[in-house]
Every structure is written in structure tokens, then in C-alpha cells.
Amino acid sequence: MPQNINLLIVDDHPFIIQGYENVIKRFPNKKYEFTITKASDCKTGYETIMSSGISFDFAFLDISMPEYPEKNIFTGEDLAKLINNEMPNCKVILLTMHSERLKAQTIIDEIDPIGLVIKNDLTFDNMLLAIETVLKGEKYYSESVINFLNQQQNEKVYVDVIDRQILHFLSKGIKDDDVALYIPISSASVLSRIENMKELIGKKKCSNQELLDIAKTNGMMLK
């Protein structure tokens, strides 16, 4: 029997919610089925979290929505903090049109969502990948978020889930030319991503083993 996932979607644009629903209904892993609850602003989001009686497993929250000042809920970030307090096992994915690097860093520092997506990055395939990644307990940051974080030049290096999978298979002794047999990208893309990761850590000419050693100490590996 499929595992049921209680999913909350809060967004003030009905067509966005419909788009999310269409993706979720086409999720290919039949081990899961989704029960979707929808809310359209901070007020209905608050009421759903506090009064529906549902313990949500996942929440997709838009950041910019009509406020609910009576309860000091002004953004999706406030709803995320509420969920963290009321349902600490619920995995929150925040979605935003904001493209400022500082905004992304602030969200991660203050809320630490399991997912953060810039809406301009969102495609059907990326949405499926985000759901699959979060179901595995891994964090999902969209491409723009990863770029923002790496521009911060912090000690930690951020890579996407595909890069993490490449590193995982390299660590298992799979040759770089053969990694494409295990993940759905071409061999040329694998090699390009490996070179990009080496450049990201500042060691363009290092070996794959050196890359793996640095990846393990910089939080780049799959958990």
C-alpha cells in the first residue's frame, strides 16, 4: 500500500497551486500518494495549520502573500516558523520570486527550510526533482539559490542534488565515464559537472579523489 503524504500548499495564485497539483499528480514514484490541502493567503494558511487537525508531512509555501496581522503572520516565512513550532516533523519548501542573494541567505539562516526555490528556476522536471529529493530527506535548493550561496564565499560549498549523486557514485568507485549509467544525464554533462565542482572548490586540476576528500569536509556529499 502506498505511503500517504499529507501536503499543504499555500499560495495566493490559484494557477500556481493548480500547476503544483498537476506535477504532484504525475509524480512517478508509486510508493507515495499525496493528500493535498490548499490555502490561499496567510490567514487561511494559519487557520489550516492550527485548526484543520491534519499533521502535515510537507508544506509548499509562497513567501509573498496577503498578510494576517491579527496573528502576526505577514509572509510565508512566518507560516514556516509556525509550522516549525507546531509540526516540527513537517518538511517545508519555500518558494519565492525574490532573487536577492541576501534574502536567500536570510531565509536559510532564520528558517533552514528543507527546500528553497526561486520561482523563475521552476520547471516541471525541477519540481519533480525537488519532491523526490525532499522525500529522501535531502535538502533541495534551486539553481539560483545555489549560485547565491556560493557567491557568499563561505567555507561551505553548495551543490545541487545531481552533483551530490555524482560525488556519491564516484565515492563508490564508479569511474567518471560510467556515472551516467546511474543518473539521468549524459556522460559529457557528468564530466562538465565534475570540472565545475573542482573550479568551485578552487582546485581546477585536482584529482577526483581530492575532490571527494574536500567534498566530504564541506558538506557536499549525499547524507
Side-chain angles (χ1 to χ4, degrees), residues 23 26-32 58 91-96 98-109 111-223:
V23 173
R26 290 167 175 77
F27 188 66
N29 191 335
K30 300 307 179 185
K31 291 194 303 182
Y32 303 98
F58 288 84
K91 296 178 172 63
V92 173
I93 298 177
L94 286 167
L95 303 107
T96 180
H98 292 288
S99 56
E100 301 92 346
R101 180 170 69 245
L102 181 59
K103 181 67 173 178
Q105 186 66 63
T106 299
I107 291 169
I108 290 169
D109 290 344
I111 301 172
D112 192 26
I114 197 166
L116 179 57
V117 177
I118 307 299
K119 286 187 174 180
N120 287 340
D121 293 339
L122 205 56
T123 65
F124 182 90
D125 289 339
N126 286 346
M127 187 72 169
L128 287 177
L129 182 60
I131 296 170
E132 181 181 0
T133 302
V134 171
L135 281 169
K136 293 177 180 176
E138 287 287 327
K139 290 191 175 181
Y140 180 85
Y141 296 153
S142 69
E143 182 179 358
S144 294
V145 176
I146 291 171
N147 290 338
F148 297 156
L149 295 174
N150 284 321
Q151 288 170 22
Q152 296 288 91
Q153 296 183 338
N154 291 333
E155 289 184 4
K156 187 171 183 178
V157 179
Y158 294 87
V159 292
D160 68 15
V161 67
I162 299 296
D163 286 340
R164 290 176 186 271
Q165 289 174 342
I166 291 170
L167 292 168
H168 171 74
F169 287 112
L170 289 177
S171 73
K172 298 299 182 184
I174 306 299
K175 295 181 179 180
D176 47 12
D177 288 333
D178 295 330
V179 170
L181 298 173
Y182 300 87
I183 56 178
I185 62 173
S186 68
S187 181
S189 294
V190 170
L191 296 176
S192 176
R193 281 174 171 268
I194 291 172
E195 294 305 311
N196 287 340
M197 284 189 281
K198 290 178 179 179
E199 184 172 355
L200 190 61
I201 63 173
K203 294 183 176 292
K204 292 180 66 173
K205 296 184 179 180
C206 73
S207 67
N208 286 352
Q209 186 56 55
E210 289 177 288
L211 171 63
L212 288 171
D213 291 341
I214 293 171
K216 290 173 183 176
T217 60
N218 282 275
M220 296 164 65
M221 304 293 293
L222 284 174
K223 295 180 181 178

**Message:** Could you tell me if the side chain of Asn208 sits less than 4.5 Å from the side chain of Lys198, heavy atoms only?
**Reply:** yes
**Prompt:** Crowded around Lys30 NZ? As in, over 12 foreign heavy atoms under 6.0 Å?
**Reply:** yes
**Prompt:** Taking C-beta and beyond as the side chain, do His168 and Ile174 meet within less than 4.5 Å on heavy atoms?
**Reply:** no
**Side chain to side chain, Asp163 and Ile146, heavy atoms closer than 4.5 Å** = no
**Asked** Between NZ of Lys204 and CG of Asn196, what distance do you get to the nearest 0.5 Å?
**Response** 9.5 Å
**Message:** Rounded to the nearest 0.5 Å, what separates atom CG in Asn29 from atom CG in Leu135?
**Reply:** 7.5 Å
**Request:** Enter the distance from Ile185:CD1 to Ile166:CD1 here, rounded to the nearest 0.5 Å.
**Result:** 4.0 Å
**Message:** Can you confirm whether Leu128 sits close enough to Phe27 that some side-chain heavy atom of one is under 4.5 Å from a side-chain heavy atom of the other?
**Reply:** yes
**Request:** Take atom OH of Tyr182 as the centre, draw a 6.0 Å sphere, and report whether it contains more than 12 heavy atoms from other residues, nucleotides or ligands.
**Result:** no
**Asked** Measuring from Ile114:CD1 to Glu138:CD, what's the distance to the nearest 0.5 Å?
**Response** 8.0 Å
**Request:** Answer yes or no: is there a side-chain heavy-atom contact under 4.5 Å between Phe169 and Leu181?
**Result:** no
**Message:** For Leu95, run the side chain to side chain contact (heavy atoms under 4.5 Å, CB included) check against Ile118, Val117, Leu116, Asp121 and tell me which one passes.
**Reply:** Val117
**Message:** When you compare the side chain of Ser142 with that of Asn126, does any pair of heavy atoms fall below 4.5 Å?
**Reply:** no
**Prompt:** Can you tell if the side chain of Tyr141 reaches within under 4.5 Å of the side chain of Ile108, non-hydrogen atoms only?
**Reply:** yes
**Asked** Can you tell me how far CG of Leu212 sits from CE of Met197, rounded to the nearest 0.5 angstrom?
**Response** 8.5 Å
